[in-house]
Every structure is written in C-alpha cells, then in structure tokens.
Amino acid sequence: MNDHELDRLLRLKSEVTPPSFPRSAEAFKQNFFAAAPRETPTEWWKYMSRAAALLIVAGLLFLAMQRNPATLPEQDKLAEAQRLFGDAAAAVFCGDELVTGDRLGNGGREKRFELKLRSADGGAPLVLTFAGREGESIVLDSPFLSGVILLSRSDAATLVVELELEYRGQTIRGILPLPQRQETNGTYHAAVHSS
C-alpha cells in the first residue's frame, strides 16, 4: 500500500458520519415491542398440537421399525417368513431356526402344523412349525435338517403327515394321522416319538 492509497482511505473514513437515532433507547424499545407480532393462545395451541402429532407419528414409526422376528409369536414368525419367501417356498421353523425348502403340489386350504418330536434317548423335544396344504410335499435340504414332509388326507376328518427327515445325523420317520379335533385356531398340534 502506498501513501496515495492510504490518503484516499483516510479521506473516505473522515467522510462517513456516525449514525444518529432520532429517538431515545426507551422510545425505540417501546416502538419495537409494540410492532412485534403477539401470539394468541389459539396460535400457541396450534403449535403444541402439531408438535404432539409429530411425536406420536415418530413414536409409531419407531415401534414399527422395532418389530423383531425373534420376539414374535411362532404363528407370526411363520406368517412373516411365508410372506417374505412366497408360496413356492416352504418355511419350516426347527425350534427357533428357519429352514427353507420347496413346496411341491397344491391342495386345499393352508393349515399350520406344530409337531413336537421327542427322541428315543429322552433329549429335549424338537419343535417343527410349518404351513402346508393337503396333497403337498415339502422338500428340505439344509445342513442340519433335510428330508421330505408329505401332507395327505386319509378321510374327510383326518389329515396325515408323513415325515422322512434327517436332523443333525438323526433320522426322524413317522406317519401321523391328525384328526380334525386336534386342530385349534387353524393349527394342528401333535407330539411324536422319533426313532
């Protein structure tokens, strides 16, 4: 910066006049607050109701996203698995483990089955939960559960479930006649002793 530029900047600074306020600070404050918009009680209620609605919607979204399949009842877990995999895939819960397979054939109304398989050595029972239709076969091929489940009808009141499964090296075979009276809320319950 040279002297010529410095002189020009000093001249510009001397030409600027400080601002002047025609009113006192008290008069300015009264005028400012008189002009500021005032909220009425109805406007306050409107804002609070919008905030409450937003919190309710956020809470419901949070609860919907927290739906964990591990905490669902067995029926809901099975329905959710069937919805995800579709009608062509079989969803079988072996305890809490989901095993998928193929569904071959089709029949009447879909039924749910809960079979408690007790081993001959007296160990903990294995619970198989699945859905199927009359005249259908379910083919499973997983490292710890593989085989076939056949569903057929022997007469008007009895549904037959045939099992030919391999569970962790143990063979499970059985033919289960399930009379209509064993059905509760669309689910057949049965206990089987496996070999």
Side-chain angles (χ1 to χ4, degrees), residues 56-195:
I56 289 171
V57 168
L60 290 174
L61 284 174
F62 176 77
L63 289 175
M65 290 188 314
Q66 292 300 318
R67 189 174 179 194
N68 184 356
T71 62
L72 294 175
E74 203 66 37
Q75 293 280 344
D76 292 340
K77 283 198 276 189
L78 185 59
E80 184 69 15
Q82 284 181 299
R83 186 186 67 79
L84 288 173
F85 293 108
D87 286 339
V92 177
F93 277 93
C94 182
D96 286 335
E97 295 291 324
L98 174 63
V99 178
T100 58
D102 295 320
R103 293 172 80 167
L104 306 172
N106 55 11
R109 208 175 95 215
E110 188 167 90
K111 302 281 186 181
R112 296 177 190 273
F113 298 89
E114 183 176 295
L115 307 176
K116 289 185 181 172
L117 307 173
R118 301 187 202 307
S119 63
D121 61 2
L126 172 68
V127 179
L128 289 179
T129 307
F130 60 95
R133 293 181 175 95
E134 173 187 335
E136 187 173 65
S137 62
I138 298 172
V139 180
L140 304 170
D141 187 21
S142 106
F144 71 95
L145 182 66
S146 61
V148 178
I149 301 172
L150 298 172
L151 304 170
S152 59
R153 185 160 295 280
S154 67
D155 59 31
T158 306
L159 193 61
V160 177
V161 177
E162 295 180 48
L163 301 171
E164 182 76 33
L165 300 172
E166 188 79 25
Y167 174 68
R168 296 188 180 176
Q170 181 182 9
T171 301
I172 301 169
R173 288 189 183 110
I175 298 176
L176 308 165
L178 300 174
Q180 189 84 24
R181 67 180 180 274
Q182 281 186 278
E183 181 182 9
T184 56
N185 297 330
T187 303
Y188 283 95
H189 300 275
V192 183
H193 294 283
S194 63
S195 55

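Just so it is clear, the values below take in all heavy atoms, side chains as well, and ignore hydrogens, waters and symmetry mates. This chain uses plain numbering: 1 for the first residue, then up along the sequence.
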Just so I know, are the side chains of Arg133 and Leu151 near enough to count as touching, which here means a heavy-atom distance under 4.5 Å?
no
Residue pair Ala131 / Leu78: nearest heavy atoms and the distance that separates them
N-CD2, 3.9 Å
Smallest heavy-atom separation, Glu136 atom then Gly105 atom, equals OE2-O, 3.5 Å
Hey, could you give me the SG/CG distance between Cys94 and Leu115, rounded to the nearest 0.5 Å?
11.0 Å
Does any non-hydrogen side-chain atom of Leu128 lie less than 4.5 Å from one of Ile172?
no
First locate atom CD of Glu134, then atom CD of Glu110, and finally report the distance between them rounded to the nearest 0.5 Å.
13.0 Å
Distance (rounded to the nearest 0.5 Å) between Thr171 OG1 and Glu166 CD:
4.0 Å
What residue among Ile149, Leu150, Val148 forms side chain to side chain contact (heavy atoms under 4.5 Å, CB included) with Glu162?
Leu150
List the atom of Leu98, the atom of Ala91, and the distance in Å for their closest heavy-atom pair.
CD1-CB, 3.9 Å
Hey, what's the ring geometry for Phe130 with Phe113, parallel, tilted or perpendicular (30° and 60° as the breaks)?
parallel
Drop me the distance from Leu165's CG to Ile138's CD1, to the nearest 0.5 angstrom.
10.0 Å
Distance from Thr100 atom OG1 to Leu145 atom CG, nearest 0.5 Å?
10.5 Å
Charged N to carboxylate O under 4.0 angstrom, Glu80 versus Lys77?
no
Check Ser152 against Leu159 and note the closest heavy-atom contact, atom names and distance.
O-CD1, 3.3 Å
